Every structure is written in structure tokens, then in C-alpha cells.
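Note that the structure is predicted; figures quoted are calculated from it, not measured.
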Amino acid sequence: KKRIVSFKIKWFYVVITIIILACIPRAIELVCGNYVFGFDQGKHWLGAKALVVDHKIPLIGDEVGGARGFFQGPGWIYSLSIFYFLFQGNPYGGIVLMFLSGITTVVLALWLFRKAFGTLTSGCIGLLLAISPILIESSRLTWPPHMIPPLAIISLYAVWKMITGVYMYMPVLFFVVACMEHFEIATAGTMAITLLVYIIPFGIMRKIPLKIVLLSVFAWCIPFLPLVVFDIRHQFLNVKGIIETFGGDRQIQTSLTLLVANHRMIFSTNIFHAFQRIFSPYYIIIGLLIIGAFQFIDRTVSQTKRQFVFFLYLFPLILFGVILFYKNDLWQWWIYEL
């Protein structure tokens with residue numbers, strides 16, 4: 001009992017240390033108050049004001065898809081409105097929201113992955129997330145896609161539970177991914193397609209019950225209800241915008257070479273900027289490949305953990321293939337799930 005208590009105390013200190021490491025770089029704007037408040041931040045804050053002060057409930061968020069009547073969900077405005085209310089309209093509340101989102105990402109990883117993989121692994125994951133440059137930056141700018149990381153943590157845990165045979169987490173997975181469309185609809189779309197490429201053969205081999213599949217479809221649809229209501233009231237404006245955006249005739253057609261170069265640049269930015277630049281990106285790739293190889297060679301590693309590691313290594317490859325169908329330049333925050 002003494003050993004268990006001692007271990008829990010040590011783990012508590014480890015968690016506190018990691019959280020402090022996460023807080024220090026993320027709290028710069030929080031402490032000095034010198035945060036970015038440009039056109040987009042002002043537009044979003046006015047949306048929160050319309051909800052809190054004018055009592056106008058929005059059904060849509062930002063316009064996307066090249067100004068063709070294609071909108072994201074209003075969840076970002078709902079999130080901001082809470083902090084508009086708490087801070088009485090002071091836009092400082094927006095940067096508080098981003099700070100809390102960043103810390104929540106680390107805390108969720110420590111909590112959920114400790115359940116999945118144990119103390120040592122979850123501690124390493126939490127530490128890497130705490131000092132990740134791209135996640136630190138996302139916690140210091142009020143911007144809707146920066147709400148994606150904590151949702152990505154939950155979705156990864158749901159994938160793990162599904163691989164272990166707890167199929168009821170499959171509806172949870174698709175609900176959380178669909179919620180991403182309230183912050184960046186490109187992320188929700190690309191992640192959903194990538195997951196389907198993996199889950200469909202997985203589900204066939206595992207014989208996942210039809211009930212779970214139908215619940216997953218229903219869970220995926222729930223976050224889209226505001227957009228559906230908006231479309232019904234506005235002659236299906238979103239549907240028309242999606243058709244125009246991805247119909248092919250209005251996409252900017254670029255050469256395959258330039259397309260792959262743009263996508264590869266965005267991918268490398270997202271992946272390598274997730275790590276501190278202590279080592280060259282080539283060493284990071286080599287290190288990741290070696291770690292992955294040991295996971296498959298080591299016979300003490302469980303089959304379920306190998307399957308999850310296989311999913312993690314396969315995910316970027318599938319995602320890259322999926323977005324190649326988009327014949328235009330990417331933006332970095334479209335694939336924040338990486």
C-alpha cells in the first residue's frame with residue numbers, strides 16, 4: 001500500500017510538472033495582454049456579441065469554399081459567447097479560451113492515454129504535447145481551428161477503444177470528428193474520409209454490428225443539424241456551395257507536380273513543427289520509423305497495441321492520398337488532426 005501511495009504521489013508531481021511546462025509558453029499573451037485581435041477575431045467576437053447581447057442564435061459559422069455559399073457550423077461562436085459573457089465583452093476572454101483549450105489537450109492526453117497505455121507512455125505523450133511548438137502557437141491565437149487538438153485527442157482514444165473491441169466508442173468517434181466541422185470543416189471532412197478508409201475493412205473483418213454502424217451515422221449527423229436547418233430555410237445554400245466547390249469546374253487546376261509539392265510542404269510543416277527543432281527532420285523520421293519497427297518486433301507488445309500503432313503510421317499516408325483529390329492549395333490549419 002505504501003508503494004502504491006508513493007507511486008501515486010510521484011505521478012501527481014510528474015503531471016503537475018508537465019502541466020506547468022505546458023502553461024509557461026502558452027500563457028505569454030495571457031499575462032502580458034498583448035494578443036492578436038485582427039479582422040477575423042473581431043468578426044467572431046461580434047458573432048458572440050450577437051448571441052449574448054442581441055439573443056440571435058446563429059445556425060452557421062464562417063464562410064468557406066471560396067465564397068460560394070458554403071459554411072461551417074456555429075460551434076465556434078457558441079464557444080466564444082461563453083467567454084464573451086464571462087468577460088463582459090472584453091476580447092481578452094478569447095485568448096483565455098485558447099489557453100484553456102491548449103492545457104485541456106495535454107490534460108486529456110495524460111488522463112486518457114494513461115488508461116490505455118500506462119503511466120510511462122502517457123507521461124511521454126503529455127510531455128511531447130506540452131512542448132510541441134505548433135500546439136503552443138495554437139494556444140496563443142484566437143482562431144477556430146485551434147480548438148481541434150483536444151477533439152483529436154478524444155478521437156484517438158475512441159479509435160484505441162474500438163480496436164480493443166469496445167465498439168460503442170465508434171459512435172463517439174464519429175460524433176467528435178463531426179464536431180470538428182464547427183471549428184474547421186476541412187478537418188472534419190478529411191479526417192472522416194481517412195477514418196472510413198481504415199474502419200470499413202476493419203469493421204468487415206471484426207464484423208461490427210449493424211446497430212453500431214447506424215448509431216455512428218446518427219452520431220455523425222447530430223453536429224450538422226444547425227447547418228441542415230439553415231439549408232432548409234435558405235434553399236439549400238450549403239448543398240449548392242459544396243457542389244460548386246467540389247464539382248471540378250471551378251477548382252483551380254494545377255499540375256500534379258505543383259499539387260504534390262504544396263501538399264508535401266503543408267504536411268511537413270504540420271508534422272515536423274509538432275516537435276522541438278532539436279534534431280533535423282530526417283532524424284525525426286528515422287527515429288519514428290525505428291520506434292515503430294520495435295513496436296512490431298517486440299513480442300511483449302500486445303496485438304491491440306500493434307494494431308493501434310499501425311493505424312497511427314497509416315493515418316498520415318491515407319490522409320495525404322485523400323487530400324490529393326483536392327485540386328488546389330492547402331492551408332496548414334485544414335489538417336490540424338495531424
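Side-chain N/O atoms of Q332 and H273 include no donor and acceptor closer than 3.5 Å.
In this structure, I57 places its CD1 atom where only 12 or fewer heavy-atom neighbours from other residues, nucleotides or ligands lie under 6.0 Å away. At most 12 non-hydrogen atoms from other residues, nucleotides or ligands lie less than 6.0 angstrom from CZ of F218. Atom NZ of K56 has 12 or fewer neighbouring heavy atoms from other residues, nucleotides or ligands inside a 6.0 Å radius. Applying the 6.0 Å contact sphere to CZ of F85 captures no more than 12 heavy atoms from other residues, nucleotides or ligands. Taking a 6.0 Å sphere around CG of N34, one finds it holds 12 or fewer heavy atoms contributed by other residues, nucleotides or ligands. Other residues, nucleotides and ligands contribute at most 12 non-hydrogen atoms within 6.0 Å of the CZ atom of R264.
Side-chain contact between C23 and F99 is present, with at least one heavy-atom pair separated by less than 4.5 Å. When side chains are defined from C-beta on, F113 does not count as touching W160, because their heavy atoms never get closer than 4.5 Å. Taking the side chain as every heavy atom from C-beta outward, F83 and L100 approach each other to under 4.5 Å. Two residues are said to be in side-chain contact when any heavy atoms from C-beta on lie closer than 4.5 Å; D40 and H44 meet this criterion. Residues Q235 and K240 meet the side-chain proximity criterion, which asks for heavy atoms closer than 4.5 Å. Side-chain contact between L173 and K161: absent, with no pair of heavy atoms (C-beta onward) separated by less than 4.5 Å. In this structure, the side chains of I335 and F267 come closer than 4.5 Å at one or more pairs of heavy atoms. With contacts defined as side-chain heavy-atom distances shorter than 4.5 Å, the pair W111/V15 does not qualify.
Minimum heavy-atom separation, P223 to A178: CG-CB, 3.6 Å. When all heavy atoms of Q307 and I163 are compared, the closest pair comes out as OE1-CG2, 3.2 Å. Contact detail for L141 and Q41: the closest heavy-atom pair is CD1-NE2, 3.8 Å. Q72 approaches I185 most closely through the heavy-atom pair OE1-N, 3.0 Å. The minimum heavy-atom distance linking A22 with V106 is given by the pair CB-CG2, 4.0 Å. Across I77 and P58, no two heavy atoms sit closer than the pair CG2-CG, 4.0 Å.
Residues L289 and I286 are members of separate hydrophobic clusters, defined by side-chain heavy-atom contacts under 4.5 angstrom among Ile, Leu, Val, Met, Phe, Trp and Tyr. Both V159 and I212 belong to a common hydrophobic cluster when Ile, Leu, Val, Met, Phe, Trp and Tyr are linked at side-chain heavy-atom distances under 4.5 angstrom. In the hydrophobic clustering of this structure, Y84 does not group with Y78; members are Ile, Leu, Val, Met, Phe, Trp, Tyr whose side-chain heavy atoms approach within less than 4.5 Å, directly or through other members. L195 and I204 fall within the same hydrophobic cluster, defined by Ile, Leu, Val, Met, Phe, Trp and Tyr side-chain heavy atoms under 4.5 Å apart, directly or through other members. I136 and I24 fall into different hydrophobic clusters, where Ile, Leu, Val, Met, Phe, Trp and Tyr are joined by side-chain heavy atoms under 4.5 Å apart, directly or via other members.
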Query - Worked verdict on L127 versus C124 for side chain to side chain contact (heavy atoms under 4.5 Å, CB included) - result: CA-CA 5 Å; L127 178 61; C124 292; 5.7 Å; no
Query raised in the report: For S155 and M180, what are the C-alpha separation, side-chain angles and deciding distance, and is it a side chain to side chain contact (heavy atoms under 4.5 Å, CB included)?
Result: CA-CA 10 Å; S155 65; M180 293 180 181; 4.3 Å; yes
Requested in this report: Would you check, one step at a time, whether the test side chain to side chain contact (heavy atoms under 4.5 Å, CB included) holds for F320 with I266?
Outcome: CA-CA 10 Å; F320 190 82; I266 298 299; over 6 Å; no
**Report entry** Verdict with reasoning, W11 to S122, per side chain to side chain contact (heavy atoms under 4.5 Å, CB included)
**Finding:** CA-CA 11 Å; W11 171 243; S122 65; 3.4 Å; yes
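Y313 places a side-chain N or O within donor-acceptor distance of the main-chain N or O of L288, the cut-off being under 3.5 Å. Looking at T187, its side chain does come within 3.5 Å of a backbone N or O of W334 through a donor-acceptor pair. Within the 3.5 Å criterion, the main-chain N or O of V228 finds no donor-acceptor partner in the side chain of N238.
In this structure, I232 CD1 and H234 NE2 are separated by 12.0 Å, a value rounded to the nearest 0.5 Å. D54 contributes atom CG, which lies 10.0 Å from atom CG of L46 (distance to the nearest 0.5 angstrom). Distance check: I318 CD1 to I323 CD1 gives 13.0 Å after rounding to the nearest 0.5 Å. Here CE of M265 is found 10.5 Å from CG of N270. Values are rounded to the nearest 0.5 Å. Atom CG of L151 and atom CZ of F175 lie 9.5 Å apart (nearest 0.5 Å). The OH atom of Y336 sits 10.5 Å away from atom CD of E184, with the distance rounded to the nearest 0.5 Å.
Tested against T142 for a side chain to side chain contact (heavy atoms under 4.5 Å, CB included), the candidates L80, V36, L97 yield a single pass: L80. Applying the side chain to side chain contact (heavy atoms under 4.5 Å, CB included) test between I20 and each of I16, T17, I18 identifies I16 as the sole match.
The aromatic rings of F296 and F310 sit perpendicular, their planes meeting at an angle over 60°, well past the 30° parallel limit.
Identified under the ring pair (Phe, Tyr, Trp, His ring centres under 6.0 Å) test for residues 14-43, with sequence neighbours left out: none.
F202 and F311 have their aromatic ring centers separated by at least 6.0 angstrom.
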